[in-house]
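To start, the structure under review is shown below, and the notes come after it.
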There are 2 protein chains.
Amino acid sequence: MSFQYEFPRPALAVDCVIFGLDEGDLKVMLIRRDLPPFEGRWALPGGFVRMDETTDEAARRELREETGLDHVFLEQLYTFSDLQRDPRERVVSVAYYALVRLTNFKVHATTDAAEAVWFKMCETPPLCFDHPLIVETAYDRLKAKVCYQPIGFELLPKNFTLTQLQKMYETVLARPIDKRNFRKKILSMGILQETGEMQSGVAHRAARLYRFNEKKYHTMVKKGFHFEI
Amino acid sequence: MSFQYEFPRPALAVDCVIFGLDEGDLKVMLIRRDLPPFEGRWALPGGFVRMDETTDEAARRELREETGLDHVFLEQLYTFSDLQRDPRERVVSVAYYALVRLTNFKVHATTDAAEAVWFKMCETPPLCFDHPLIVETAYDRLKAKVCYQPIGFELLPKNFTLTQLQKMYETVLARPIDKRNFRKKILSMGILQETGEMQSGVAHRAARLYRFNEKKYHTMVKKGFHFEI
DNA sequence: TTTTGTTAGTGTTAAAGTAACACCAACCTA
DNA sequence: TAGGTTGGTGTTACTTTAACACTAACAAAA
């Protein structure tokens, strides 16, 4: 079976930059390609867009198929269209980035055919296609966006301590933050909810567990509230 | 001539939201379609991406062909891929937004075949396809971005008065700004350069003309400077 | 049971930045 | 030369930010 068009068309693909947080390290999930081109080399999970799905849906499907991830934060990043970005033929790729609660997920990794592995951002292996550019673009976006939208919570467990939250920002932004000032600021925003529970299984004073209150955040945004770290 | 592929492919298009500033009104350029579908209805300038050009290049080409605009600020906005966004067939569109010095340009308008007309943002006619969504997305982006990147200058003549600059921000952001505070802040940033020239042809005290110093801005950014209105 | 180690949790102050506010100057035109 | 219009300028109260250190709680080890 083949498909005919009056004018030539680029192939349309999606690629996903998947971020996870692991004990103070920001990580990216990469897969080892099991098909040419670049067979055996590291790349972002991704694939071609089907006719019956939007690019968002294609990105979620590829995520599921190639990494086993589902129901994660996913947002369109940028569309890459350089003529030579794929050696086979003209491929335009709509890139996405995803944020994953790595703590919950860890065990399920490497589900599928291709090898899917978490790498520290600072230790990513050489990537094929224009994927280094895509990763860099995604990291820049993440750093910028985490400051003015409460997306960082997507990298933490649903319930978290203030120290975990602070460490997440320090890791993503790659800079230290003052503990007291951070707590004052984040608590005064009124978007965190005490769960009433405490941390357990730690060899020191247990910390209170909080949860991001999305509803409250949205009603506050409507009233002009501006999130900022 | 026809082109065959093993798998079906969406058509790939670009669409441009072109903003201009005219005496305190933010305007958008629209064209009246001279072909089906939606013949005679208003739409964004745009068209299909060719095999020998990136989407950026396609957007610039369409801008030139359909509106006569060239060498303008142009930035990728978002990729729209809803299955039903085009009634003919599956079309994925990479949307761009452009900022135009309308004052310089005015005369050249309506160059090409199709009718190209500036509309006030608040008086846009009904648009076809998903173009209302694209325009809204572009306007949101413009409002957000103008606050943290000095792109607003692209809407003004190269040389401008502080009042023009302030009015630009007030128009784009749709809120009043205090004159003295604005001047203090913008001048203290050190990104404006006095041209030494004065406004002329006005029936009142002439104002100093300034110019955006892009080089200075870039060197300051490298040193950690953060633009913010 | 005491000590040790580790993180939780908490306030104050100086400095910087922001927001609110009004009048005279300069120039053109009638 | 009087009137109209915009240009240009400082001060102050208030808010926000940045810098900074100690005690509390708990588990584990001695």
Side-chain angles (χ1 to χ4, degrees), chain A residues 21-24 103 146-148 156-157 159-171 173-211 220 223-229, chain B residues 21-24 103 146-148 156-157 159-171 173-211 220 223-229:
Chain A
L21 199 67
D22 182 19
E23 302 286 328
T103 35
V146 88
C147 288
Y148 66 89
L156 295 176
N159 295 348
F160 48 82
T161 68
L162 293 183
T163 301
Q164 283 178 300
L165 186 62
Q166 179 182 340
K167 200 162 181 183
M168 180 273 291
Y169 280 109
E170 291 179 324
T171 304
L173 299 175
R175 65 174 166 87
I177 297 174
D178 180 87
K179 184 161 94 164
R180 279 176 290 186
N181 292 337
F182 176 76
R183 283 166 183 242
K184 243 179 299 170
K185 178 180 252 182
I186 201 85
L187 287 175
S188 73
M189 287 183 189
I191 58 174
L192 294 189
Q193 188 175 11
E194 280 198 50
T195 63
E197 288 164 53
M198 304 290 280
Q199 203 177 24
S200 67
V202 288
H204 55 79
R205 178 174 176 180
R208 284 195 261 256
L209 288 170
Y210 292 85
R211 172 177 307 184
M220 287 173 68
K223 289 177 196 161
F225 169 73
H226 179 64
F227 179 87
E228 185 163 346
I229 294 297
Chain B
L21 199 67
D22 181 18
E23 302 287 328
T103 35
V146 87
C147 288
Y148 66 89
L156 295 176
N159 295 347
F160 49 82
T161 68
L162 292 182
T163 301
Q164 284 178 299
L165 186 62
Q166 180 182 340
K167 199 163 181 183
M168 181 275 291
Y169 280 110
E170 290 179 324
T171 304
L173 299 174
R175 63 174 167 87
I177 297 174
D178 179 86
K179 184 160 92 164
R180 279 176 288 187
N181 292 337
F182 176 78
R183 283 166 183 243
K184 241 179 301 170
K185 179 180 250 181
I186 201 84
L187 288 175
S188 73
M189 286 183 189
I191 58 175
L192 294 189
Q193 188 174 12
E194 280 198 51
T195 62
E197 288 164 53
M198 304 289 281
Q199 203 178 24
S200 66
V202 287
H204 54 78
R205 177 175 176 180
R208 284 196 261 256
L209 288 171
Y210 291 84
R211 172 178 305 184
M220 287 173 68
K223 289 177 195 161
F225 170 73
H226 180 64
F227 180 86
E228 186 163 347
I229 294 296

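Per chain, numbering begins at 1; letters A, B, ... match sequence-line order.
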Restricting both atoms to N or O, compile the protein contacts to nucleotides 20-24 of chain D shorter than 3.5 Å, with distance only.
from   : atom 1 : to       : atom 2 : distance (Å)
D:dC20 : N3     : A:Arg180 : NH2    : 3.2
D:dC20 : N4     : A:Asp178 : OD2    : 3.3
D:dA21 : N1     : A:Arg180 : NH1    : 3.4
D:dA24 : N3     : A:Arg205 : NH1    : 3.2

Given Watson-Crick and G-U pairs under 3.5 Å, DNA chain C in dot-bracket ([ ] crossing, | other strand) is ||||||||||||||||||||||||||||||

Given B:Phe227 and B:Met220, is the side chain to side chain contact (heavy atoms under 4.5 Å, CB included) satisfied, shown in steps? CA-CA 10 Å; B:Phe227 180 86; B:Met220 287 173 68; over 6 Å; no

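Contacts between residues 188-204 of chain A and DNA chain D, defined by a heavy-atom separation under 4.0 Å, are made by A:Val202, A:Ala203, A:His204.
Applying the side-chain hydrogen bond (donor to acceptor under 3.5 Å, both in side chains) criterion to A:Arg211, with sequence neighbours excluded, gives A:Asn159. With sequence neighbours excluded, the residues that form a side-chain contact (heavy atoms from CB on, under 4.5 Å) with A:Thr161 are A:Thr163, A:Gln164, A:Gln199, A:Ala207, A:Leu209. Legend: residues meeting side-chain hydrogen bond (donor to acceptor under 3.5 Å, both in side chains) with B:Thr195, ordered by chain and number and at least two apart, are absent. Remark: B:Glu170 pairs with B:Gln166 by the side-chain hydrogen bond (donor to acceptor under 3.5 Å, both in side chains) rule, at least two apart or across chains. With sequence neighbours left out, the side-chain hydrogen bond (donor to acceptor under 3.5 Å, both in side chains) criterion links A:Lys179 to no other residue. Legend: residues meeting side-chain contact (heavy atoms from CB on, under 4.5 Å) with A:Glu228, ordered by chain and number and at least two apart, are A:His226. The side-chain contact (heavy atoms from CB on, under 4.5 Å) check on A:Arg208 picks up A:Glu194, A:Met198, A:Tyr210, with sequence neighbours excluded.
At the heavy-atom level, A:Arg208 lies under 4.0 Å from the strands shown only through sugar-phosphate atoms.
Separating the CG atom of B:Leu162 from the C1' atom of D:dT9 is a distance of 12 Å, rounded to the nearest angstrom. Atoms CD (B:Gln164) and P (D:dG8) sit 11 Å apart, rounded to a whole Å. For the pair A:Ile186 CD1 and D:dT16 P, the computed distance is 16 Å after rounding to whole Å. One can place CZ of A:Phe182 at 18 Å from P of D:dT16, the figure rounded to the nearest angstrom.
Where DNA chain C meets chain A (any atom under 4.0 Å from a heavy atom), the bounding nucleotides read 5' to 3' are C:dG5 to C:dT12.
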